[in-house]
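First the structure, in the form of structure tokens, and then the observations on it.
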Amino acid sequence: MTIDDQIALLKRGTTEIISEADLAEKLKLGRPLRVKLGVDPTAKDVTLGWAVVLRKLRQFQDLGHTACLIIGDFTAQIGDPSGKSKTRRQLSREEVQANVDAVKEKVFRILDPAKTEIFFNKDWLGAMTFEDVIRLCSRYTVARILERDDFTNRLAEQKPIAMHEILYPLCQGMDSVEIVADVEIGGNDQKFNNLVGRTLMSQYGQEPQVVLLCPLLVGTDGKEKMSQSLGNYISIDDAPNDMFGKTMSIPDELIENWFELCTDVPMDEVREMLAEGRNPRDAKMRLGRELVGLYHSPEAATAAQDYFVETFSRRSQPVDAEDAVIPSALVIEGEVSLAALIAALEMAESNGKAKALIKQGAVSLDGEKVEDQSARFGVDELEGKILRVGKHRFRRLVLG
RNA sequence: GGGGAGAUGCCCGAGUGGCCAAUGGGAACAGACUGUAAAUCUGUCGGCGAGAGCCUUCGCAGGUUCGAAUCCUGCUCUCCCCA
């Protein structure tokens with residue numbers, strides 16, 4: 001593969017490469033490049049949004065390069081101010097560790113473990129003395145740090161900026177220095193941090209890293225960036241039916257972008273699917289199949305689509321549903337309150353919410369709508385029936 | 001160090017002694033319509049309870065009062081101006 005071909009491949013789904021010429025130079029070296037991606041273990045799932053940069057990293061691996069994955073176990077305790085208009089809560093060591101454990105395995109469903117080095121930035125950042133920190137701080141100016149959008153905005157909005165937050169970019173930059181990165185991949189919101197890395201590297205006598213930025217994947221709500229705290233995400237371990245269903249619920253405007261960032265389908269093909277006169281729904285179905293195929297299997301993809309069409313498009317009873325045991329504690333004289341059951345199965349947040357849902361006609365048993373918010377049913381009557389709450393929540397009731 | 005402003009439900013933001021579980025907007029959820037899209041209309045939106053109703057919320061801790069988100073005291077935190 002020529003350098004140009006490689007660049008063309010790597011360029012898909014990026015907003016900016018700083019700079020392309022430097023990247024070409026690096027690629028010409030003919031040695032495996034050290035490609036850095038820093039992640040803060042602030043959550044337990046790998047979302048499609050995160051998968052965007054992981055997949056980019058994987059592309060580098062496929063071209064023979066080394067992925068340097070930096071687990072920000074130190075920086076997670078500061079919290080990246082990126083895009084946030086408020087100070088982030090600091091995580092405890094225990095929380096960070098639990099997240100790292102949960103996420104590690106999932107990451108390797110995208111990355112090639114044989115070409116991955118994992119680092120924990122507490123190893124070097126945690127070892128710095130206060131004196132080291134001060135020396136580091138002296139290399140950067142307050143004015144330059146405050147150039148960051150979110151700092152500027154918070155300042156303008158008279159919102160607090162804590163001292164430790166302005167050190168975040170420096171920490172991340174030190175990571176690049178420490179591992180001598182050739183390239184750093186990041187979401188668009190990381191631009192500032194990544195550029196600080198370049199500055200620090202040259203101050204430490206290193207060749208500055210190339211920065212490759214990917215757009216932030218918009219979440220299923222079509223508005224905010226996909227994030228676990230906002231709940232607008234698809235996890236790479238969502239069950240096939242969920243993954244497909246959630247994909248179908250994204251706004252049409254997102255289809256093209258999701259294809260570009262989350263799949264390998266050639267963009268010509270995508271644009272053809274979305275051409276004037278074609279039903280965007282079909283493109284979305286294809287997107288759903290691609291995603292399920294990527295993280296499960298082609299067979300699962302077909303099955304998920306069939307399930308979707310059967311259950312939602314044709315509005316018939318779901319062919320299958322997760323089993324849910326009727327908690328024996330709820331059974332009084334052989335009967336169960338439906339609202340209490342819905343709450344206990346976490347299909348609604350509380351008893352009161354469950355009742356409200358019933359009243360609104362959102363609850364049905366085997367397709368039969370239940371309207372009485374204080375309805376009680378005999379356990380034997382419920383067994384084997386499919387309880388549906390709202391559009392997407394189903395459980396098959398079984399006895400314990 | 002001095003002076004001033006402020007902390008309300010998921011978010012923003014009204015509310016200055018009883019009519020406040022707390023106006024309004026946004027978000028979210030549900031129903032209708034659909035392609036589990038968008039737009040639109042309708043409803044719900046602290047917890048428990050079949051219901052009457054009960055309980056817990058307005059930064060934290062005390063106090064005044066028959067009664068406090070609203071008044072007083074102390075504390076914590078934030079912002080602005082001056083030094």
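So that the names make sense, note that chain A is the first sequence line, chain B the second, and so on, each numbered from 1.
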Shortest side-chain distance from A:Ala362, nucleotide among B:rA30, B:rC79, B:rG49:
B:rA30
Would you measure the distance from the P atom in B:rG46 across to the matching atom in B:rA21 and give it in whole Å?
13 Å
Same-atom distance (C1') from B:rC60 to B:rC77, integer angstrom:
10 Å
Atom CG of A:Asp372 to atom P of B:rA50: distance rounded to whole Å?
11 Å
Determine the interatomic distance between P on B:rG25 and the same-named atom on B:rU44; round to the nearest Å.
13 Å
Please determine, for B:rA7, whether a Watson-Crick or G-U wobble partner exists with both distances under 3.5 Å, and give it or none.
B:rU76
A:Pro251, nearest nucleotide to its side chain (from B:rA37, B:rU78, B:rG49):
B:rA37
Between B:rU8 and B:rA68, how far apart are the C1' atoms? Round to whole Å, please.
14 Å
Pairwise P distance, B:rG74 and B:rC19 [rounded to whole Å]:
29 Å
Measuring from the side chain of A:Phe308 (C-beta onward, heavy atoms only), which nucleotide among B:rC80, B:rU36, B:rA37 has the closest atom?
B:rU36
Starting at the 5' end of RNA chain B and moving along, which residue's nearest nucleotide shows up first, A:Ala343 or A:Val389?
A:Val389
In whole Å, measure the gap between the P atoms of B:rA27 and B:rC41 for me.
13 Å
Which is true for A:Ile250 with a 4.0 Å heavy-atom rule: it touches a base, it touches only sugar-phosphate, or it touches nothing?
sugar-phosphate
Distance-only polar pair, side chains of A:Gln190 and A:Glu184, donor-acceptor under 3.5 Å
no
Counter-base of B:rG18, judged by Watson-Crick or G-U geometry with both distances under 3.5 Å
B:rC66
How many Å lie between CZ on A:Arg393 and P on B:rA28, as a whole number?
14 Å
Is any side-chain N of the basic residue among A:Lys28 and A:Glu25 closer than 4.0 Å to the acidic one's carboxylate O?
yes
Please give, in whole Å, the distance from B:rG35 P to A:Met248 CE?
11 Å
Given A:His65, A:Gln209, A:Arg31, the one that forms side-chain hydrogen bond (donor to acceptor under 3.5 Å, both in side chains) with A:Asp182:
A:Arg31
Looking at every strand, decide which applies to A:Gly361 at a 4.0 Å heavy-atom threshold: base, sugar-phosphate, or nothing.
sugar-phosphate
Complementary nucleotide for B:rG51 - Watson-Crick or wobble, under 3.5 Å:
none
Qualifying residue for salt bridge (charged side-chain N to carboxylate O under 4.0 Å, His left out) with A:Arg34, from A:Glu117, A:Glu207, A:Glu178
A:Glu117
Measure the distance from CZ on A:Phe244 to P on B:rA37 and round it to the nearest whole Å.
13 Å
Assuming nearest nucleotide by heavy-atom distance, tell me which of A:Arg281 and A:Glu349 is located more 5' along RNA chain B.
A:Arg281
Of the listed nucleotides B:rU36, B:rG51, B:rG43, the one nearest the side chain of A:Gln360
B:rG43
Going by distance alone, is a donor N or O of one side chain under 3.5 Å from an acceptor N or O of the other, for A:Asn153 and A:Arg148?
no
Just compare B:rA28, B:rU44, B:rA30 and give me whichever is closest to any side-chain atom of A:Ala356.
B:rU44
In whole angstrom, give the distance that lies between atom CE of A:Met347 and atom C1' of B:rA30.
14 Å
By the Watson-Crick or G-U definition, both distances under 3.5 Å, B:rC29 is matched with B:rG43
NA contact type, A:Lys359, heavy-atom cut-off 4.0 Å: base, sugar-phosphate, or nothing?
nothing
Given A:Glu256, which partner from the list A:Lys284, A:Arg271, A:Arg286 fulfils the salt bridge (charged side-chain N to carboxylate O under 4.0 Å, His left out) test?
A:Arg271
Provide, to the nearest angstrom, the distance between the CD atom belonging to A:Glu371 and the P atom belonging to B:rG31.
12 Å
Count the heavy atoms belonging to other residues, nucleotides or ligands that lie under 6.0 Å from NZ of A:Lys106, then report whether that count exceeds 12.
yes
Base partner of B:rG1, which must satisfy Watson-Crick or wobble distances under 3.5 Å
B:rC82
Presence of donor-acceptor pair under 3.5 Å, side chain of A:Asp252 and base of B:rG35
yes
Closest to the A:Lys223 side chain, choosing from B:rA28, B:rU44, B:rA37:
B:rA28
B:rG49, OP1 or OP2 - any side-chain N/O from A:Asn351 closer than 4.0 Å?
yes
If you only use heavy atoms from C-beta on, which nucleotide in B:rU36, B:rA50, B:rC48 is closest to the side chain of A:Ser350?
B:rC48
What's the NZ-C1' distance between A:Lys369 and B:rA32, to the nearest Å?
9 Å
Measuring only the C1' atom in each nucleotide, how far is B:rC58 from B:rC11? A whole number of Å is fine.
15 Å
In whole angstrom, give me the gap between the P atoms of B:rU65 and B:rC12.
36 Å
Just how far, in rounded Å, is C1' of B:rC29 from NZ of A:Lys391?
10 Å
Is it true that a side-chain atom of A:Gln61 and a backbone atom of A:Asp112 form a donor plus acceptor pair closer than 3.5 Å?
yes
Identify which nucleotide among B:rC29, B:rA27, B:rU36 has an atom closest to any side-chain atom of A:Phe312, counting heavy atoms from C-beta outward.
B:rU36
